[in-house]
Number of protein chains: 2
Amino acid sequence: MGRPYEFDREETLSKAMDLFWEKGYKATSIDDLVDRMGIKRGSIYNTYGDKHSLFIAAVEYYAEEVTSKTIKVLESPGSPLENIKLFFETIVNTPPNRKTRGCLISNTVVELAPHDEKVAETVRIILEKIQTAFLNCLNRAVEVGELSKDTDTQALSHFLATNTHGLIVTGKSAVNNKQMKDVVNIILSTLN
Amino acid sequence: MGRPYEFDREETLSKAMDLFWEKGYKATSIDDLVDRMGIKRGSIYNTYGDKHSLFIAAVEYYAEEVTSKTIKVLESPGSPLENIKLFFETIVNTPPNRKTRGCLISNTVVELAPHDEKVAETVRIILEKIQTAFLNCLNRAVEVGELSKDTDTQALSHFLATNTHGLIVTGKSAVNNKQMKDVVNIILSTLN
DNA sequence: TTTTTAGTTGAACAAACGTTCAAGAATGAA
DNA sequence: TTCATTCTTGAACGTTTGTTCAACTAAAAA
């Protein structure tokens, strides 16, 4: 068996995720991670491998813990269009200090994905899940009669995914909430 | 007087801008800059100051050379709504290898602005210019009767700015063009 | 021609970087 | 108790990082 871990491997991964989310990949050093995770360098390498592997693990953990919970709103019972509204309201109502973090996935698409095929692939899978969640939600809206039968749900789902990115980036540059609410109203007005 | 420069200070700044645009701030080292700019370390420091100052100069140069040219489409005579259509078509029709670079301003908003007040302020001014260009264009659309008089052009301008960010981020993750065209059609459909 | 000014060059710097590793410590199995 | 296994620890590694600087070189001014 050998000596057992003295730390919770999920808890420390969650802390690493938080730090990467806040600072990005390049700006986060192993020293920073040691401080935040509360375990020594050796334990990080022994448990998660090198920095790159740890980052990918963090992104995947983010997808499981953060993204999939956000997506659940779209899958919940009740009015699909109301769910989409809630989804965007959640983004807009993120507290200012959290808003500057944006979303680890968007951040990674911008910072790392263009130069790192492994990361790009990891992120692509997650983005596809989000877009599929929008699509399913829109298709259900058609089914329950909230959208007309000739709606191009495929196109609309891409539109909503694009606006999700857009709002998250906008939110990073300390924009006032009224502006973001206005934008959300226009997004929602396209769903008729 | 002293010894004259042996290089064109604007040309080398343009090369630095290209590299920061491609790789981001943190991932670009002084060595990388020496290679790309074709001048020695000392000349870089002597001419532009440290890495941070050079980066801000590069962002400002980008605003002058790239952003303001893109914005000019919105200000050109003729149909304002047609100009907006051209603006978004330019984004969608960016060749794939260039598309992964995205936009230096968006990239900077995501990577650096949240942790660097100086950079954040530089970028904020540029974002405001873009948004104002949209606003002016929309107001002109109202004037010439392409939009009804009760249009909330302020809100719409924020919507268009958000979608610009969204499309640029989407374009970074090697998405197919058909999807982006679909999104642009929906964006344009909100202008009635 | 001499002096002053100012850009060029390459070596050098300390600090920060990601990574490795041998020694120590805690567990279950023999 | 001894052994094998495996996590913990802290020191150490070689690179890469951003930055500085003294020596050199080219032009204009005296």
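Convention: sequence-line order gives letters A, B, ...; per-chain numbering from 1. The shown structure was predicted, so the numbers you read here are calculated from the model rather than taken from an experiment. Just the heavy atoms: all of them, side chains too, but no hydrogens, waters or symmetry mates, feed the values below.
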Interatomic distance where [atom1] belongs to [X] and [atom2] belongs to [N] [whole Å]:
X: A:Lys40; N: C:dC21; atom1: NZ; atom2: P; result: 20 Å
X: A:Phe55; N: C:dG18; atom1: CZ; atom2: P; result: 13 Å
X: A:Asn46; N: D:dT9; atom1: CG; atom2: P; result: 12 Å
X: B:Phe7; N: D:dA26; atom1: CZ; atom2: P; result: 16 Å
X: A:Ile44; N: D:dT9; atom1: CD1; atom2: P; result: 12 Å

Minimum-distance pair of heavy atoms, taken over all atoms of [X] and [Y]:
X: A:Glu111; Y: A:Tyr25; value: OE1-N, 3.0 Å
X: B:Ile91; Y: B:Thr94; value: O-OG1, 2.9 Å
X: A:Phe159; Y: B:Val183; value: N-CG2, 3.6 Å

Item to check | Distance in Å, A:Asp50 CG paired with A:Ile44 CD1, rounded so as to fall on 0.5 Å steps | outcome: 11.5 Å
Next on the checklist: So, using salt bridge (charged side-chain N to carboxylate O under 4.0 Å, His left out) as the criterion, who are the partners of A:Asp18 when residues are at least two apart?
Outcome noted: A:Arg101
Checklist entry - Could you give all pairs that pass the ring-ring contact (aromatic ring centres under 6.0 Å, His included) test and reach residues 111-143 of chain A, with sequence neighbours left out? => result A:Phe87-A:Phe134
Checklist entry - Could you write nucleotides 11-24 of chain D as a row of B, S and -, 5' to 3', where a protein heavy atom under 4.0 Å of any base atom gives B, of only sugar-phosphate atoms gives S, and otherwise -? => result ------SBBB----
Next on the checklist: Quick check on D:dT8: is either OP1 or OP2 less than 4.0 Å from any side-chain nitrogen or oxygen of A:Ser43?
Outcome noted: yes
